[in-house]
Each structure stands twice: as structure tokens, then as C-alpha cells.
Colleague: 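Sharing a structure, written as C-alpha cells. Questions coming.
As the structure lists them, so they are numbered: ligands from 1, and atoms in each ligand from 1. Start at 1 with the first residue, then count along the sequence.
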Amino acid sequence: MVKVNKRMKSAEHLSNFESIFKCPICNSSMKVFKLKSLICSNNHTFDFTKQGYINLTTHLVKTKYSKDLFEARRKLIAENGFFKPLSQAIAEIINKHAFKKGTISLIDMGCGEGSHLSNISEIVSSDYNKITTGVGIDLSKEGVLIAAKNYTNKIWAVADLANTPFKDKQFDVILNILSPSNYAEFNRLLKADGLVVKVVPQSGYLKELREVIFDEPVKQSYSNVDTFERFNENFQLVDSSRLCYTVTLDNPAIQTLVQMTPLSWATMEGQVKSFLKANSAQITVDLEILIGKK
Ligand SMILES: C[S@@+](CC[C@H](N)C(=O)[O-])C[C@H]1O[C@@H](n2cnc3c(N)ncnc32)[C@H](O)[C@@H]1O
Ligand SMILES: [Zn+2]
């Protein structure tokens, strides 16, 4: 008897949704072949990895996000509930705007290590009684690998959100959380009545950490004027809401926080060292959720 491994399970799961894919090289339709590869009608072949994700990029991409950063992010989200209020807010938004649908197809563009998509899908299913199908893509192999290792029953792919391997109008909801956007591609993928949910940091986001890292005041705040304008130019803004809360972290979680954010690339000097020694810290999460339709 053939032992079903993780790679085969993922391939089997994806085969239920193979019709949404198009070849990243020639745009033709794709099929799962022998629970081993995803292959197009012109024989361009992409193998499933043993962790269960698939790499659909056509060239090697090295990103600045490391395995350690994604592991830290996962730990803080999964063990410390760092973004729990965000997951709950997004699940509620999805239910409110897509409440008539029994099954909701989600794609997370720039999914990182996959916890947001996993948590949001879980809440939409448990609290709102909806079936979800989930796809997470990210350009970082390190992030997608961690997602595939920890969260099954989702499709995880290394892919560029500016040029995705999916046919037009395949998704009810596009999630785009603290990641870059490509609105032309979002528009192409979104169903006619679909929803884009974009999350951007606001002025208080991780301010306690930024205060110890940066001396120059200019770097201490975020400006999102351009982001808002561009979102408005591309979608009909149906709603927006600011979500601000604090999370109390113990010392191990403070260490994890510093590792999980690109802010720590800037410096690891004096003030950061004393921050790392604190027994606990109150950390602000300050986000804007933009909700758009076509
Ligand atoms: C700050 S991280 C946020 C990750 C995740 N959404 C989260 O909140 O934990 C930004 C992510 O965008 C991804 N990214 C950047 N450019 C991308 C692109 N062109 N296509 C896909 N992902 C991209 C990075 O690899 C990284 O995982
Ligand atoms: Zn092809």
C-alpha cells in the first residue's frame, strides 16, 4: 500500500481546485499529475515540495525576510494572540459583506507564514458557519514553507502577487495584510461582487518598539495618505475602520516581537538591549482596515 505523505495530501487537496490555476509561463490550464506536480497543457511542470507547498515562480527570488522572522511572527500570532482582534474584525467583515454565500473563496496576497489566513478562515467557519477555501501566496519561500508545515487544508504557493498563477475572477475575498499591493492584479482575480480587505499600519503601530529603535522623530510615524488615495482610485471604498489595541507581552514574547519585525534590521544598539531585558511590555497594535469593491 502506498503511504500518503504530506506532499501527496497537498496535491490531492489542490486537485479539487486545479481549475483556478493558469500556467505562470504560458497561461494555459493546469492539472495535478500523479499527486506529484502541477502541469500545464504545454507540459510546464511545477513539483509539490515535501512540506506540501508549490513554487510557481519562474525565476529564483531572494527576499529580505528570513526563516527566523517568520518563525517569530508565527509564534507571536499563534501563541500570544498578537493579531487576534484583527482576525476577528476581518472575519466579521467577511461575514457581513459575503453573508449570502455558503462557500467563500479567500486568497491572502503576501501571506507570510500563513497565520492570518488560517485564523481568519477558522473564525469564519466556527463563528459564522461558512465553508471557506483558502489560498496563500508569498514571494518568500521561507514564509510559505512555514505556512505549509503548520496549516493543512489550504493551498500554499510561492508566487508574485503582481503576476499570480490564477485565472480571472476566481476569488470572493482578497486579503492583503501589511504587505505590498498590485491593484490591477487584485482586480483581475476578484469576482464581480468580491471584496478586497487591505490592512495598513497606523501611527501607533508598534510605537513602543519604534521609540526604542529610532532616534529621528521622522521615522517614528507612518503616513498612509498615498496608500488611501491609491486604494480609492482602484476600488470603491465601501468601509474603513481603525483597530487599535494593546497586547501585554512577557519577556520571551518581547524577544520574539523584536525578531518578528523588519524594524529590528535598523539597529540592535543600547535602547533595544534594555527593552529586551524588560519583564513585560504593553505593545500597541494600531491598524486601518480598508474594504473595497469593484
Ligand atoms: C510585513 S510582511 C507581512 C506578512 C503577513 N501578511 C503578516 O502580516 O504576517 C510582507 C510580506 O509581503 C511579501 N511580499 C513582498 N513583495 C511580494 C510580492 N511581490 N509578491 C508576494 N509577496 C510579496 C513578503 O515576502 C512578506 O512576507
Ligand atoms: Zn505552460
Colleague: Examine the proximity of ligand 1 to F70 and report which part, side chain or backbone, both or neither, has a heavy atom under 4.0 Å away.
Modeller: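 The part of F70 near ligand 1 is the side chain, not the backbone.
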
Colleague: As an exercise, identify every atom of ligand 1 less than 4.0 angstrom from a heavy atom of A159.
Modeller: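 That gives atoms 20 (N), 21 (C) of ligand 1.
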
Colleague: For S140, counting its heavy atoms only, list the atoms of ligand 1 lying under 4.0 Å from any of them.
Modeller: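 Under 4.0 Å from S140, ligand 1 has these atoms: 25 (O).
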
Colleague: Using the rule that two of Ile, Leu, Val, Met, Phe, Trp, Tyr join whenever any of their side-chain heavy atoms come within less than 4.5 Å, decide whether V238 and L287 are in one cluster.
Modeller: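 Yes: a chain of side-chain contacts under 4.5 Å links V238 to L287.
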
Colleague: Which atoms of ligand 1 have any heavy atom of S179 under 4.0 Å away?
Modeller: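 So the answer, numbered in order with elements, is 3 (C), 4 (C), 6 (N), 10 (C), 11 (C), 12 (O).
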
Colleague: Among pairs that include at least one residue of residues 233-255, which meet salt bridge (charged side-chain N to carboxylate O under 4.0 Å, His left out), considering only residues two or more places apart or in two chains?
Modeller: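 Output for this query lists K96-D239, R242-D286.
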
Colleague: Any chance you could measure I174, atom CD1, to L190, atom CG, to the nearest 0.5 Å?
Modeller: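 So the CD1 of I174 and the CG of L190 are separated by 4.5 Å.
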
Colleague: Just go through D160, V158, I137 and tell me whose heavy atom is the nearest to atom 19 (N) of ligand 1.
Modeller: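 Closest candidate by heavy-atom distance is D160.
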
Colleague: Do Y183 and F235 have ring centres separated by under 6.0 Å?
Modeller: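 Yes.
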
Colleague: Output yes when the distance from some N or O of ligand 1 to some N or O of R73 is under 3.5 Å, and no in every other case.
Modeller: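 Yes, since at least one N or O of R73 sits under 3.5 Å from an N or O of ligand 1.
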
Colleague: Under a single-linkage definition using a 4.5 Å side-chain heavy-atom cutoff for Ile, Leu, Val, Met, Phe, Trp and Tyr, are I94 and I289 assigned to the same hydrophobic cluster?
Modeller: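 Yes, I94 connects to I289 through the hydrophobic network.
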
Colleague: Need the ligand 1 atom indices (1-based, order shown) with element for anything under 4.0 Å from a heavy-atom of L178.
Modeller: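 Contacts of ligand 1 toward L178, numbered from 1: 1 (C), 2 (S), 3 (C), 8 (O), 10 (C).
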
Colleague: Look only at interatomic distance and state if H116 has a nitrogen or oxygen under 3.5 Å from any nitrogen or oxygen of ligand 1.
Modeller: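 Yes.
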
Colleague: Take atom NZ of K191 as the centre, draw a 6.0 Å sphere, and report whether it contains more than 12 heavy atoms from other residues, nucleotides or ligands.
Modeller: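 For K191, atom NZ is crowded (more than 12 foreign heavy atoms under 6.0 Å).
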
Colleague: Hey, can you tell me if W156 and Y151 have their rings parallel, tilted or perpendicular (30° and 60° cut-offs)?
Modeller: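 Taking Y151 first and then W156, their aromatic rings sit tilted (interplane angle of 30° to 60°).
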
Colleague: Kindly compute the distance separating CD (E185) from OG1 (T164), expressed to the nearest 0.5 Å.
Modeller: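 Going from the CD atom of E185 to the OG1 atom of T164 covers 3.5 Å.
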
Colleague: What's the count of protein N, O or S atoms under 2.8 Å from the Zn ion (ligand 2)?
Modeller: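 Those protein atoms number 4 in total.
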
Colleague: Side-chain donor-acceptor contacts of residues 14-23 below 3.5 Å, not counting sequence neighbours, with atom names and distances?
Modeller:
residue, atom, partner, partner atom, Å
S15, OG, E12, O, 2.5
N16, ND2, H13, O, 3.4
E18, OE1, V32, N, 2.8
E18, OE2, K31, NZ, 3.4
K22, NZ, N27, OD1, 2.7

Colleague: Any idea which part of M109 is under 4.0 Å from ligand 1, heavy-atom wise: side chain, backbone, both or neither?
Modeller: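 None of M109 does.
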
Colleague: Evaluate L161 for polar contact with ligand 1, using N/O atom pairs at a separation under 3.5 Å.
Modeller: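 Indeed, backbone or side chain, L161 has an N or O that close.
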
Colleague: Would you tabulate the side-chain donor-acceptor contacts of residues 118-128 under 3.5 Å, counting partners in other chains and residues two or more places apart, or write 'none'?
Modeller:
residue, atom, partner, partner atom, Å
N119, ND2, S115, O, 3.4
S121, OG, L117, O, 2.7
S125, OG, S121, O, 2.9
S125, OG, K130, O, 3.3
S126, OG, E122, O, 3.0

Colleague: For atom 27 (O) of ligand 1, which of D138, N176, I177, N182 has the closest heavy atom?
Modeller: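 Of the listed residues, D138 has the closest heavy atom.
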
Colleague: Please answer: with hydrophobic residues joined when any side-chain heavy atoms are less than 4.5 Å apart, are L249 and Y245 in the same cluster?
Modeller: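 Same cluster.
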
Colleague: Identify, by atom number and element, the atoms of ligand 1 in contact range of P180, meaning under 4.0 Å from any of its heavy atoms.
Modeller: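 Those atoms are 12 (O), 15 (C), 16 (N).
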
